[in-house]
Amino acid sequence: MAGRNGELKLVGQWASPFVTRVKLALNLKGLSYEYVEEDLRNKSELLLSINPVHKSVPVLIHNGKAICESQAILHYIDEAFAGAGPSLLPADPYERAVARFWVAYIDDKLAPPWDRVFRAKTDEERDEAMMQIFSAAGALEGGLRECSKGKDFFGGDSVGYVDIVVGSLVPWVKATSVLAGAELVDAAKMPLLAAWMDRFGELETAKAVLQDVDSLVEHGRMLMAKNAARA
């Protein structure tokens with residue numbers, strides 16, 4: 001597919017859910033690409049040259065042109081490769097706006113406290129971040145009900161934009177549950193989201209891309225130990 005649509009290269013870091021969402025989108029579209037692993041502790045000249053503003057991953061390079069930030073990349077993939085695979089965003093303008101709302105909600109309300117769990121210097125900071133995660137995750141139960149209209153996915157009958165973004169978090173949900181000693185997605189409290197996680201995890205696209213949970217647990221412990229030492 002990349003041969004017809006030009007050269008694709010993804011610069012990322014293996015543990016990042018933001019990179020994972022791009023991998024999911026590329027795989028769902030059936031697009032082949034070269035993956036370049038980035039060491040964020042020792043950023044390469046490539047990364048600094050293609051993303052000089054944020055100096056972060058993911059960055060998608062298409063025919064030598066760099067697209068930065070995961071939401072922008074997903075939109076680009078959907079538009080630039082409209083003829084490849086399923087559409088990521090709904091065709092209906094209202095449904096498209098709703099999907100964009102929930103992705104913005106995840107990035108604004110769920111991702112920041114999740115990051116703070118691993119960067120907290122005190123137990124109190126970590127506990128507060130965990131409470132914010134539980135609250136934000138609970139709201140996604142309603143988001144799934146609104147977007148799916150009783151069907152299997154946020155995208156309805158098939159995986160779409162919100163599924164990709166939430167799906168990229170599934171390994172981290174499981175890893176954080178191990179590290180915190182508490183289920184982030186409790187089937188008793190969030191039955192729709194828990195069932196959705198099981199369905200998403202069984203998709204071939206997900207199996208090909210999602211990280212190993214044990215490796216993420218180890219990575220998370222390393223991050224937490226590093227910040228504890230700094231404190």
- Straight-line distance of Glu183 CD to Lys174 NZ, nearest 0.5 Å: 10.0 Å
- Task: Hey, could you give me the OG/CG distance between Ser158 and Leu28, rounded to the nearest 0.5 Å?
- Result: 8.0 Å
- Query: With the threshold set at 4.0 Å, does a side-chain nitrogen-carboxylate oxygen contact exist between Asp107 and Arg21?
  - Reply: yes
- Query: Taking only residues two or more places apart in sequence or in another chain, which ones pass side-chain contact (heavy atoms from CB on, under 4.5 Å) with Asp127?
  - Reply: none
- Query: side-chain contact (heavy atoms from CB on, under 4.5 Å) with Phe134: which residues, sequence neighbours excluded?
  - Reply: Met130, Ala182, Leu184
- Task: Provide the closest heavy-atom pair for Gln132 versus Pro113 in the form atom of the first, atom of the second, distance.
- Result: OE1-CB, 3.4 Å
- Item | Rounded distance (nearest 0.5 Å) linking atom CG of Leu179 with atom NE2 of His219 | 11.0 Å
- Message: Counting C-beta onward and ignoring hydrogens, is there a side-chain heavy-atom pair between Tyr33 and Val22 closer than 4.5 Å?
- Response: no
- Item | Any side-chain heavy-atom pair of Lys149 and Glu95 under 4.5 Å | yes
- Query: Do side-chain atoms of Asp163 reach the backbone of Gly160 as a donor and acceptor pair under 3.5 angstrom?
  - Reply: yes
- Using the ring of each side chain (for Trp, its six-membered ring), is Phe200 parallel, tilted or perpendicular to Trp196, with breaks at 30° and 60°? parallel
- Task: Would you sort out whether Val98 and Val162 count as a side-chain contact (heavy atoms from CB on, under 4.5 Å), showing the intermediate values?
- Result: CA-CA 10 Å; Val98 170; Val162 185; over 6 Å; no
- Is the shortest heavy-atom distance from the side chain of Leu26 to the side chain of Val209 under 4.5 Å? no
- Message: Just so I know, are the side chains of Val11 and Leu46 near enough to count as touching, which here means a heavy-atom distance under 4.5 Å?
- Response: yes
- Shortest non-hydrogen contact between Ala129 and Arg116, atoms and distance: CB-CB, 4.0 Å
- Query: Nearest 0.5 Å, what's the CZ-CE distance between Arg126 and Met224?
  - Reply: 4.0 Å
- Note on the structure: Leu89 and Ala99 have their tightest heavy-atom pair at CD2-CB, 4.3 Å
- Query: So do Leu47 and Val36 actually touch side chain to side chain, heavy atoms under 4.5 Å?
  - Reply: no
- Note on the structure: Between Leu169 and the options Ile106, Leu140, Thr20, the side chain to side chain contact (heavy atoms under 4.5 Å, CB included) test singles out Ile106
- ring-ring contact (aromatic ring centres under 6.0 Å, His included) partners of residues 167-195, not counting sequence neighbours, each pair once: Phe118-Trp172
- Mind checking whether Tyr76 and His62 have parallel, tilted or perpendicular rings, split at 30° and 60°? perpendicular
- Side chains of Pro58 and Ile73: does their closest heavy-atom pair fall under 4.5 Å? yes
- Do side-chain atoms of Asn63 reach the backbone of Glu7 as a donor and acceptor pair under 3.5 angstrom? yes
- Message: In this structure, would Tyr94 and Tyr161 fall into the same cluster of hydrophobic residues linked by side-chain contacts under 4.5 Å?
- Response: yes
- Counting only N and O atoms by type, is there a donor-acceptor contact under 3.5 Å from the side chain of Thr176 to the main-chain atoms of Val173? no
- Close side-chain approach of Glu202 and Lys207, heavy atoms under 4.5 Å: yes
- Message: Please find the pair of heavy atoms, one from Asp78 and one from Leu88, that lie closest to each other, and give the distance.
- Response: OD1-N, 2.8 Å
- Task: Taking all non-hydrogen atoms of both residues into account, name the closest pair between Leu216 and Ala175 and its distance.
- Result: CB-CB, 3.8 Å
- Message: Using modelled atom types and a 3.5 Å cut-off, is there a donor and acceptor pairing between side-chain atoms of Gln13 and backbone atoms of Val19?
- Response: no
- With sequence neighbours left out, the residues meeting side-chain contact (heavy atoms from CB on, under 4.5 Å) with Lys55 are Lys43, Leu48
- Using a cut-off of 6.0 Å, state whether more than 12 heavy atoms not belonging to Arg199 lie near its atom CZ. yes
- So, Glu146 side chain and Gly142 main chain: donor-acceptor pair closer than 3.5 Å or not? no
- Distance-only, no hydrogens or angles: does the Glu141 side chain make a donor-acceptor pair with backbone N or O of Leu193 under 3.5 Å? yes
- Query: Considering residues at least two apart in sequence or located in another chain, which fulfil the ring pair (Phe, Tyr, Trp, His ring centres under 6.0 Å) criterion with Trp114?
  - Reply: none
- Examine distances only and state if a side-chain atom of Asn51 and a backbone atom of Val59 form a donor-acceptor pair shorter than 3.5 Å. no
- Message: List the residues meeting side-chain contact (heavy atoms from CB on, under 4.5 Å) with Asn42, not counting sequence neighbours, and say none if there are none.
- Response: Asp39
- Task: Enter the distance from Ser177:OG to Asp186:CG here, rounded to the nearest 0.5 Å.
- Result: 9.5 Å
- Mind listing the closest non-hydrogen atom pair of Leu110 and Ala137 along with its distance? CD1-N, 4.2 Å
- In terms of hydrophobic clustering (I, L, V, M, F, W, Y; side-chain heavy atoms under 4.5 Å; direct or indirect links), are Tyr105 and Met131 co-clustered? no
- Query: In this structure, are over 12 heavy atoms from other groups packed under 6.0 Å from Lys65 atom NZ?
  - Reply: no
- Point-to-point distance, once rounded to the nearest 0.5 Å, from OG of Ser56 to CZ of Phe18: 9.5 Å
- Let me see the working for Lys23 and Gln211 under side-chain contact (heavy atoms from CB on, under 4.5 Å), right down to the final yes or no. CA-CA 11 Å; Lys23 289 181 177 180; Gln211 303 99 323; over 6 Å; no
- Query: Do side-chain atoms of Lys29 reach the backbone of Ala84 as a donor and acceptor pair under 3.5 angstrom?
  - Reply: yes
- Message: Could you check whether any side-chain N or O of Glu37 sits under 3.5 Å from a backbone N or O of Trp14, counting only pairs where one atom can act as donor and the other as acceptor?
- Response: yes
